[in-house]
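So the structure is just underneath, and the comments pick up after that.
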Amino acid sequence: MITVFGSINMDLIATTGRLPKPGETVAGNSFATAAGGKGANQALAARRAGRYVHMAGAVGKDGFAADALALLDDAGTDLSLVKHVDGPTGTALILVGGDGENMIAVVPGANGLVTATDAETAVGKMSEGDILMLQLEVPVDAVERALSAARAKGVTSILNLAPLIADAPRLGRLADIVIANETEFERLAGQDGMDAEAREAALHRLHQETGQTLIVTLGGDGVIAIRDGVISKAQGLKIEPVDTVGAGDTFCGYFAASLDDGLDFPTALRRAAVAGSLACLKAGAQPSIPSSKDVADRI
């Protein structure tokens with residue numbers, strides 16, 4: 001079983017011909033709303049990958065709450081650990097440029113009211129060998145408590161170091177598996193401007209220090225990882241991206257689901273990389289997450 005402990009948002013998405021520069025206004029082409037939040041996105045990806053998933057987090061008592069949970073509910077995600085609190089549901093304000101790149105501002109809302117007690121409750125319902133997935137869009141003390149409780153209970157923890165907050169390097173040391181993009185990994189390693197050779201050396205160094213499984217997503221260049229002293233690499237698909245929002249979350253959810261399904265590590269990386277590529281072909285975070293059949297067909 002997979003439990004995702006993290007954020008639940010509504011995404012407010014505007015598309016533009018290009019992203020604005022600071023202080024600049026550009027004309028938009030379209031506007032849409034879509035369920036999002038890194039936690040909810042990863043939970044839905046794991047569910048669409050075919051695994052049983054609990055979502056743990058919080059939504060507000062507002063007009064966005066039901067819509068923020070709708071796709072998770074429709075997919076059969078267990079929402080019994082989602083609490084409803086006074087105030088607004090978390091929101092993300094997203095601009096998507098003509099090349100598929102994006103700019104995002106996140107307003108925590110109810111996500112900021114997720115507590116360490118909620119973390120203990122969520123992990124308390126898990127069993128040894130289950131998988132706990134976390135990100136950094138809920139309060140640091142709640143994430144830290146969840147990681148500590150998971151380790152004490154024999155639950156495998158996967159921490160996605162996003163968004164890149166000041167506590168990310170410290171929290172990263174508490175997880176069994178860490179997933180980071182290039183920038184996040186540089187912060188974790190304490191080394192800026194890595195080329196491919198430096199990145200691989202840093203993976204070996206950190207792995208020797210911590211024994212953790214470390215995964216670095218590289219966008220169109222695929223993914224590189226280290227586990228049990230062995231470097232693995234995987235490629236996604238060659239695509240023309242429509243919208244990269246949610247691609248990293250799709251990777252994370254599919255990777256967790258693949259491990260939960262008993263796939264070997266290189267196969268899990270490849271499956272997750274292909275799923276992340278497919279998520280770039282549609283607009284929106286959750287609507288773009290592919291089904292398990294879509295991923296299998298492309299592989």
Under the criterion side-chain contact (heavy atoms from CB on, under 4.5 Å), I'd like the reasoning laid out for Arg227 against Gln212: C-alpha separation, chi angles, the key distance, then a yes or no. CA-CA 7 Å; Arg227 183 179 179 92; Gln212 295 170 298; over 6 Å; no
Step by step, would you call Glu182 with Leu218 a side-chain contact (heavy atoms from CB on, under 4.5 Å)? CA-CA 6 Å; Glu182 296 166 83; Leu218 305 172; 3.3 Å; yes
What verdict does the side-chain contact (heavy atoms from CB on, under 4.5 Å) test give for Ile239 and Leu281, after you've listed the backbone C-alpha separation in whole Å, the side-chain angles of each residue and the deciding distance to 0.1 Å? CA-CA 8 Å; Ile239 60 165; Leu281 298 179; 3.9 Å; yes
Would you please test Val155 and Ile131 for side-chain contact (heavy atoms from CB on, under 4.5 Å) and show each step? CA-CA 6 Å; Val155 168; Ile131 293 175; 5.9 Å; no
Under the salt bridge (charged side-chain N to carboxylate O under 4.0 Å, His left out) rule, what do Glu24 and Arg18 come out as? Steps first, then yes or no, please. CA-CA 11 Å; Glu24 182 184 21; Arg18 62 177 176 82; 2.5 Å; yes
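Considering all non-hydrogen atoms of both residues, Asn111 and Gly90 come closest at ND2-CA, 3.8 Å. Annotation for Asp221 and Gln235: closest pair O-NE2, 3.1 Å, computed over non-hydrogen atoms. Of all non-hydrogen atoms in Ala150 and Val123, the two that sit nearest each other are N-CG1, 3.8 Å. A pairwise comparison of heavy atoms in Thr244 and Asn102 identifies OG1-ND2, 2.9 Å as the closest pair. Here the closest heavy-atom approach between residue Ile13 and residue Ala34 is recorded as CD1-CB, 3.9 Å. Of all heavy-atom pairs spanning Asn41 and Ala285, the tightest one is ND2-CB, 3.5 Å.
Listed for the Asp228 side chain is no donor-acceptor partner under 3.5 Å among the backbone atoms of Val230. Side-chain N or O atoms of Asp294 include none that pairs as donor or acceptor with a backbone N or O of Leu278 at under 3.5 Å. Side-chain atoms of Thr267 never come within 3.5 Å of backbone atoms of Leu263 as a donor-acceptor pair (strictly under, hydrogens ignored). Within the 3.5 Å criterion, the main-chain N or O of Ser80 finds a donor-acceptor partner in the side chain of Asp78. Judged by distance alone, with hydrogens and angles left aside, the side-chain atoms of Asp176 form a donor-acceptor pair with the main-chain N or O of Ser157 at under 3.5 Å. Panel note: side chain Asn9, backbone Asp11; no donor-acceptor pair is recorded below 3.5 Å. Formation of a donor-acceptor pair under 3.5 Å by the His207 side chain with backbone atoms of Gly229 is found in this model. No side-chain donor-acceptor contact under 3.5 Å links Asp260 to the backbone of Ala257. Ser7 contributes a side-chain N or O that, together with a main-chain N or O of Gly39, makes up a donor-acceptor pair within less than 3.5 Å. Of the possible donor and acceptor atoms, one in the side chain of Thr15 sits under 3.5 Å from a partner among the backbone N and O of Ser30.
By the 4.5 Å heavy-atom criterion applied to side chains, Met126 and Leu132 are counted as neighbours. For the pair Leu69/Val82, a side-chain contact is recorded, criterion being any heavy-atom separation below 4.5 Å from C-beta on. Between Leu161 and Phe185, every side-chain heavy-atom pair lies at or beyond the 4.5 Å cut-off. Side-chain atoms of Phe31 and Asn29, non-hydrogen and from C-beta on, never get closer than 4.5 Å to each other. Annotation: side chain of Lys125 is in contact with side chain of Leu81 (closest heavy-atom distance under 4.5 Å). A 4.5 Å side-chain heavy-atom check between Leu95 and Pro20 finds at least one atom pair inside the cut-off. A heavy-atom distance below 4.5 Å is found between the side chains of His204 and Ile231. Residues Thr156 and Ile177 have side chains in contact (heavy-atom distance under 4.5 Å, counting atoms from C-beta outward).
Note on Met103 and Val106: separate hydrophobic clusters, where clusters join Ile, Leu, Val, Met, Phe, Trp and Tyr whose side-chain heavy atoms are under 4.5 Å apart, directly or indirectly. Linking Ile, Leu, Val, Met, Phe, Trp and Tyr residues whenever their side-chain heavy atoms come within less than 4.5 Å leaves Phe255 and Leu203 in two separate clusters. Hydrophobic clustering (side-chain heavy atoms under 4.5 Å, transitive across Ile, Leu, Val, Met, Phe, Trp, Tyr) groups Val53 together with Phe251. By the rule that hydrophobic residues join a cluster once side-chain heavy atoms approach within less than 4.5 Å of another member, Val107 and Met10 end up as members of separate clusters. Note on Leu147 and Leu188: same hydrophobic cluster, where clusters join Ile, Leu, Val, Met, Phe, Trp and Tyr whose side-chain heavy atoms are under 4.5 Å apart, directly or indirectly.
Exactly one of Arg271, Arg47, Arg51 qualifies for a side-chain hydrogen bond (donor to acceptor under 3.5 Å, both in side chains) with Ser292. That residue is Arg271. Of the candidates Val143, Leu159, Val4, Val4 is the only one forming a side-chain contact (heavy atoms from CB on, under 4.5 Å) with Gln135.
Using a 4.0 Å cut-off between charged side-chain N and carboxylate O, Glu128 and Lys153 make no salt bridge. A salt bridge does not link Glu200 to Arg205: none of the charged nitrogens lies less than 4.0 Å from a carboxylate oxygen. Arg199 and Glu186 are not joined by a salt bridge, as no carboxylate oxygen comes within less than 4.0 angstrom of a charged side-chain nitrogen. Salt-bridge annotation for Asp297 and Lys293: present, with a side-chain N of the basic residue lying under 4.0 Å from a carboxylate O of the acidic one.
To the nearest 0.5 Å, atom CD of residue Gln42 and atom CG of residue Asp249 are 4.5 Å apart. Annotation: the span from Leu136 atom CG to Asn160 atom CG amounts to 7.5 Å, rounded to 0.5 Å. Annotation: the span from Leu93 atom CG to Ile104 atom CD1 amounts to 10.0 Å, rounded to 0.5 Å. Between Ile165 atom CD1 and Arg170 atom CZ the span is 8.5 Å, to the nearest 0.5 Å. Ile2 contributes atom CD1, which lies 8.5 Å from atom CG of Leu259 (distance to the nearest 0.5 angstrom). Interatomic distance, CG of Asp73 versus CG of Asp67, reported as 12.0 Å (0.5 Å rounding).
By the 30° and 60° cut-offs, the orientation of the rings of Tyr52 relative to His54 is perpendicular.
In summary, the side chains of Arg48 and Ser291 do not present any donor paired with an acceptor at a separation below 3.5 Å, with no hydrogens or angles considered. In the model, Asp118 has no side-chain atom that pairs as donor or acceptor with a side-chain atom of Thr121 under 3.5 Å. Between the side chains of Asp62 and Thr89, a donor-acceptor pair is found at a separation under 3.5 Å.
Counting non-hydrogen atoms of neighbouring residues, nucleotides and ligands closer than 6.0 angstrom, the CD atom of Glu240 reaches no more than 12 such neighbours. Atom NZ of Lys83 sits in a crowded spot, with more than 12 heavy atoms from other residues, nucleotides or ligands closer than 6.0 Å.
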